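Okay, structure first, notes after.
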There are 2 protein chains.
Amino acid sequence: MKIGELAKRSVLTAHTIRYYERIGLLPYADRDRSSRRDYDGSILVWIEFLGRLKTTGMPIRDMLLYADLRDRGSGTEAERRALLERHRESVRAHVDELNACLLVLDTKIGGYAETEQRMKDYDATLAERRRKPVGARSPRTR
Amino acid sequence: MKIGELAKRSVLTAHTIRYYERIGLLPYADRDRSSRRDYDGSILVWIEFLGRLKTTGMPIRDMLLYADLRDRGSGTEAERRALLERHRESVRAHVDELNACLLVLDTKIGGYAETEQRMKDYDATLAERRRKPVGARSPRTR
DNA sequence: CTACGAGTTTGAGCGCGCTCTAAGTCAAGA
DNA sequence: TCTTGACTTAGAGCGCGCTCAAACTCGTAG
């Protein structure tokens, strides 16, 4: 698979794939005789996992640590696990924070909804008054 | 309240407070006779709300839209509400995404845990063999 | 044979959100 | 009076994560 094809099959652009290789997030890809990158489909799994780390807010710096442990292979499992566990906790904490913010947002939106409802009620009252005027006055608009 | 005091009482630095004022995220603060900013405690509520928007990933560009509607006062409630509702949906979507990633992370970590358990089992087996050697061979280390 | 399109490299540039510097002003305390 | 330190401004600089530009090389289709 050439870089263009990989770009289509992943969420990354060819530019980003080269950039990730440069910084070490993607392994150095084998080149064909004309020095073009030729990928194995298995790289997609790694890219997808990197995507999860990115989505969950892990900085590239930390992804590099993980990628390095992975490259070093067996014997690094405990460290990799520890890294992911630390990250998981920070993601959980962030989710909790977001949920707390969602409550505040709900309250705020609820406040606007009430205001809107009061305005509708007021309009309805005015309409009612136009239909059944209270005094001797005729209905008016201002 | 002077800017230093406000910085202490909020999560922002004095630098950031000035920056936010410059870009319009904080209202232009009244100055005392020596042109120093003098704040009313009520600004803290607004800063806190901006913090929620920031935590939930709203870009400054959008906060400025909201701040502008707020400055324009009554008549902008519907728009403000719509803005917050759109944001709320995007935050909810993001939380869902994070939760999905957490599942993947759990699986990955679970995989490392299994490997670790297999290693412990293996170690235990070796220890067992050292205590009750099977053949006529004496226990060895390599 | 030539033109095209997809790839290569190195390195510059960008958008975001701050963060800091430099040079100056001012008020209060020793 | 002098010093200290918190403040003022305009503008430069930074870390992150890309994103693009320039100049070049190939392989293939017409």
Side-chain angles (χ1 to χ4, degrees), chain A residues 1-40 43 46-68 87 90-91 94 97 101, chain B residues 1-40 43 46-68 87 90-91 94 97 101:
Chain A
M1 192 187 344
K2 291 294 188 301
I3 199 172
E5 177 71 11
L6 179 58
K8 267 170 213 150
R9 291 174 58 179
S10 68
V11 287
L12 307 177
T13 67
H15 281 311
T16 306
I17 293 166
R18 290 194 203 98
Y19 167 68
Y20 278 6
E21 183 186 293
R22 243 194 300 184
I23 64 173
L25 214 44
L26 291 180
Y28 184 84
D30 293 337
R31 311 301 212 253
D32 65 12
R33 2 179 179 17
S34 57
S35 54
R36 292 179 181 197
R37 291 167 182 82
D38 207 344
Y39 292 96
D40 180 327
I43 193 74
W46 176 236
I47 289 178
E48 202 179 317
F49 185 64
L50 286 178
R52 306 276 182 191
L53 296 182
K54 181 183 162 186
T55 295
T56 51
M58 182 185 282
I60 282 183
R61 177 182 347 111
D62 292 358
M63 296 187 207
L64 285 176
L65 282 178
Y66 186 84
D68 186 50
H87 182 57
S90 88
V91 176
H94 189 218
E97 203 174 29
C101 287
Chain B
M1 193 187 344
K2 290 294 188 301
I3 199 172
E5 176 70 11
L6 179 58
K8 266 171 215 151
R9 291 174 58 178
S10 68
V11 286
L12 306 177
T13 66
H15 282 311
T16 305
I17 292 166
R18 291 194 203 98
Y19 167 68
Y20 278 6
E21 182 185 292
R22 243 193 300 183
I23 65 173
L25 213 45
L26 291 180
Y28 185 84
D30 293 338
R31 311 302 212 252
D32 65 12
R33 9 192 172 3
S34 58
S35 55
R36 293 178 181 195
R37 291 167 182 81
D38 208 344
Y39 290 95
D40 180 327
I43 195 73
W46 176 236
I47 289 178
E48 202 179 317
F49 185 64
L50 287 178
R52 306 277 182 189
L53 296 183
K54 182 183 161 186
T55 295
T56 50
M58 182 184 282
I60 283 183
R61 178 182 345 114
D62 292 359
M63 295 186 206
L64 285 176
L65 281 178
Y66 187 84
D68 185 51
H87 182 59
S90 87
V91 176
H94 189 217
E97 204 173 28
C101 288

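Here the structure is a predicted model, which is why all the values come from computation and not from measurement.
Considering only side-chain N and O atoms, B:R37 lies nowhere under 4.0 angstrom from the phosphate OP1 or OP2 of D:dC7. The shortest distance between the side-chain N/O atoms of A:Y20 and the OP1/OP2 oxygens of D:dC18 is below 4.0 Å.
For B:R31 and C:dA27, the CZ to P distance is 15 Å, given to the nearest whole Å. In this structure, CG of B:D38 is placed 11 Å from P of D:dC7, rounded to the nearest angstrom. Across the protein-nucleic acid pair, A:L64 atom CG and D:dG17 atom C1' stand 12 Å apart, rounded to whole Å. In this structure, B:M63 places its CE atom 11 Å from C1' of C:dC16, rounding to the nearest Å. Distance, B:L25 CG to C:dC18 P: 9 Å, rounded to whole Å. As a whole-Å value, the separation of B:E21 CD from D:dT9 C1' is 12 Å. Separating the NZ atom of B:K2 from the C1' atom of C:dC26 is a distance of 11 Å, rounded to the nearest angstrom. Atom C1' of nucleotide C:dG15 and atom CD1 of B:I23 are separated by 14 Å, given to the nearest angstrom.
Without hydrogens or angle criteria, B:S10 side chain to B:L6 main chain gives a donor-acceptor distance under 3.5 Å. Remark: the backbone N or O of A:L12 is not paired with any side-chain donor or acceptor of A:T16 at under 3.5 angstrom. Looking only at distances, no side-chain donor or acceptor of B:W46 sits under 3.5 Å from a matching main-chain atom of B:P27. Formation of a donor-acceptor pair under 3.5 Å by the A:R9 side chain with backbone atoms of A:A7 is not found in this model.
Within 6.0 Å of the CG atom in A:D30, the count of heavy atoms belonging to other residues, nucleotides or ligands does not exceed 12.
Sequence order on DNA chain C of the closest nucleotides to B:K54 and B:R36 puts B:K54 first from the 5' end. Each of A:R33 and A:T13 was assigned the nucleotide of DNA chain D with the nearest heavy atom; the assignment lying further toward the 5' end belongs to A:T13. For the pair B:M58 and B:S34, nearest-nucleotide mapping onto DNA chain C gives the more 5' position to B:M58. Nearer to the 5' terminus of DNA chain D, by closest-nucleotide assignment, is the contact made by B:H15 (compared with the other of A:P59 and B:H15).
Scanning atom types as modelled, one donor and one acceptor separated by under 3.5 angstrom connect the side chain of A:R22 and the base of C:dG11.
Each of D:dG17, C:dT19, C:dT9 was ranked by its minimum atom distance to the side chain of A:R18; first place goes to C:dT9.
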